[in-house]
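In the text below, chain A, chain B and the rest are named by the order of the sequence lines, each starting its count at 1.
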Number of protein chains: 2
Amino acid sequence: MIRRLPQARDRGIPEATVARLPLYLRALTGMTERGVATVSSEDLALAAGVNSAKLRKDLSHLGSYGTRGVGYDVEYLIYQISRELGLTQDWAVAIIGVGNLGRALANYGGFVSRGFRIAALLDADPEIVGDRIAGLNVEHIDELEAVMARRGVSIVVIATPAAAAQQLCDRVTAAGVTSILNFAPVVLTVPDGVDVRKVDLSIELQILAFHEQRKADRESGGPVMAEEWQQGASA
Amino acid sequence: MIRRLPQARDRGIPEATVARLPLYLRALTGMTERGVATVSSEDLALAAGVNSAKLRKDLSHLGSYGTRGVGYDVEYLIYQISRELGLTQDWAVAIIGVGNLGRALANYGGFVSRGFRIAALLDADPEIVGDRIAGLNVEHIDELEAVMARRGVSIVVIATPAAAAQQLCDRVTAAGVTSILNFAPVVLTVPDGVDVRKVDLSIELQILAFHEQRKADRESGGPVMAEEWQQGASA
DNA sequence: ATCCCTTTGTGAACACATGCACAAAGTGAA
DNA sequence: TTCACTTTGTGCATGTGTTCACAAAGGGAT
């Protein structure tokens, strides 16, 4: 019965907008490194690969941080977006499963620079436990709950084979974790209030294959619907 | 102004639907392995983690493949979805960049079982070139065009550092590739007609952090209105 | 054949997202 | 101050996606 009323200081930022904020943040970071102090919605949109009206509407959800006739102050906008995304605080992340993918994640620089700290690496394989990766000791999965509590882990990345994922998911949610990034190709079942985001490498390829097939169909004189080619050329 | 008329045999499947088909496919594959012959939209939706009305609407875009009062034939539906996604043909994929991520991708079983064949691994690092990974020789990036042509590569995965990505993207599109899966944290610029899908590991974490922060805010009693920064601060 | 039960496929209402186009608000020059 | 110019922020129209709810279709029992 209670509907979300659109309010001035509405904290309800649309999901689609949230998903793009990191994109803007990255573009802005690049600019500040190149010494750019101020940017227009047009230029920032170009750098982020979206259109400028969308960018302005997205930013308007955070507040009114631009100056008409001038643009946005790069540093200030970085701060505002970071704060909105919660990147001004430090997040302790545990990675479960230290195969190639887990290693790639542990070594990925993009995390650290955005407030994420890899606080623990865990694996079930005794061959791997004890290894030193990205400056961290790989610990045994039996220690999961203890390690998470000790290091204040609040976000967990699951990079294990599919078969182990649900059980590990149950353990981390039981331990109070409410944010999970899942790379295992299974649909995780979680209690209410827990957020799961899923990255599925093979799904992305399947979507590409779908479009690639359509392109191929079209060239070989299939059911060509010429109207789809129209979509105006942007000057 | 010719608009897309809704047609009976409309090949225009909504993007949102395409993105879910691989999910259904995986759930169905699991079922067929467990010997399930027939499944209702309710059960399949549960297994795929969506609601049943959405599932039925999605499937209705492919055609009318269910039986009222009974459900869907698992094998038949697998075939129809596979065909629609273009997985009944073999796709040759090249992976550029053989770091931890490239290795993880090369070893990921989920590709092969879905019609994707890793046909080439390429890297610029002479230390890595010549290594044998997942049954393939790592080749030098100088050979890119020759290797792609020889093996009939039509989908390219970019798993290199950000700095190298755009240049490599230019080379593969120049060579005629029109489907790219990009793991490098940059916005790639491509000619018209080229599809790029992007997987950004740190974006996913940032979205999680946003929601985690909101949960934390809520618990600590209400919307904290701290307007910490004042606009004057920046140069 | 008739009846009852199950489950699909879809029209229609709603919700969310995008993009155009412009008034409002700012800068800088004279 | 006034004018010319730039760029934001947003109302509105349009487009896309989701969900409800039910008629239509099929199965199986009698």
Side chains of A:V36 and A:D43 in contact at under 4.5 Å (non-hydrogen atoms):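 Counting from C-beta outward, A:V36 and A:D43 never come under 4.5 Å.
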
Closest non-hydrogen atom pair between B:S41 and B:S52, with its separation: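 Where B:S41 meets B:S52 most closely, the heavy atoms are O-CB, 3.9 Å.
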
A:G69 or B:L59, whichever maps to the more 5' nucleotide of DNA chain C: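 Going by which nucleotide is closer to the 5' end, it is B:L59.
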
Let me know the distance between [atom1] of [X] and [atom2] of [N], rounded to the nearest Å.
X     : N      : atom1 : atom2 : result
A:L77 : D:dT7  : CG    : P     : 16 Å
A:L55 : D:dT8  : CG    : C1'   : 11 Å
B:D58 : D:dT18 : CG    : C1'   : 10 Å

OP1 or OP2 of [N] less than 4.0 angstrom from a side-chain nitrogen or oxygen of [X], does that happen here?
X     : N      : value
B:Y72 : D:dG26 : no
A:K57 : D:dT10 : no
A:S64 : D:dG9  : yes

Helix axis bend for the helix from C:dA1-D:dT30 to C:dA30-D:dT1 - C1'-based end axes, five pairs, 10° rounding: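 Here the helix ends are tilted 10° relative to one another.
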
Nearest-nucleotide pick for A:K54, side chain only, options being D:dA21, C:dG19, D:dT18: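 Side chain of A:K54 sits closest to C:dG19.
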
Residue A:T67, side-chain atoms from C-beta onward, closest of D:dT18, C:dG9, C:dG26: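 Within the option list, the nearest is C:dG26.
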
Heavy-atom donor-acceptor pair, B:R68 side-chain to C:dT8 base, under 3.5 Å: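 Flag set: donor-acceptor pair detected.
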
Nucleic acid contacts of residues 20-42 of chain B, taken as heavy-atom distances under 4.0 Å to DNA chain D: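 B:R20, in order of number.
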
A:T29 versus A:E33, side-chain donor and acceptor atoms under 3.5 Å: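 Judged by distance alone, the side chains do not pair up.
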
Donor + acceptor pair across side chains of B:Y79, B:E75 (<3.5 Å):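 B:Y79 vs B:E75: no donor-acceptor pair found between side chains.
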
Touch class at under 4.0 angstrom, heavy-atom based, for A:A53 against every strand present: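 Base contact.
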
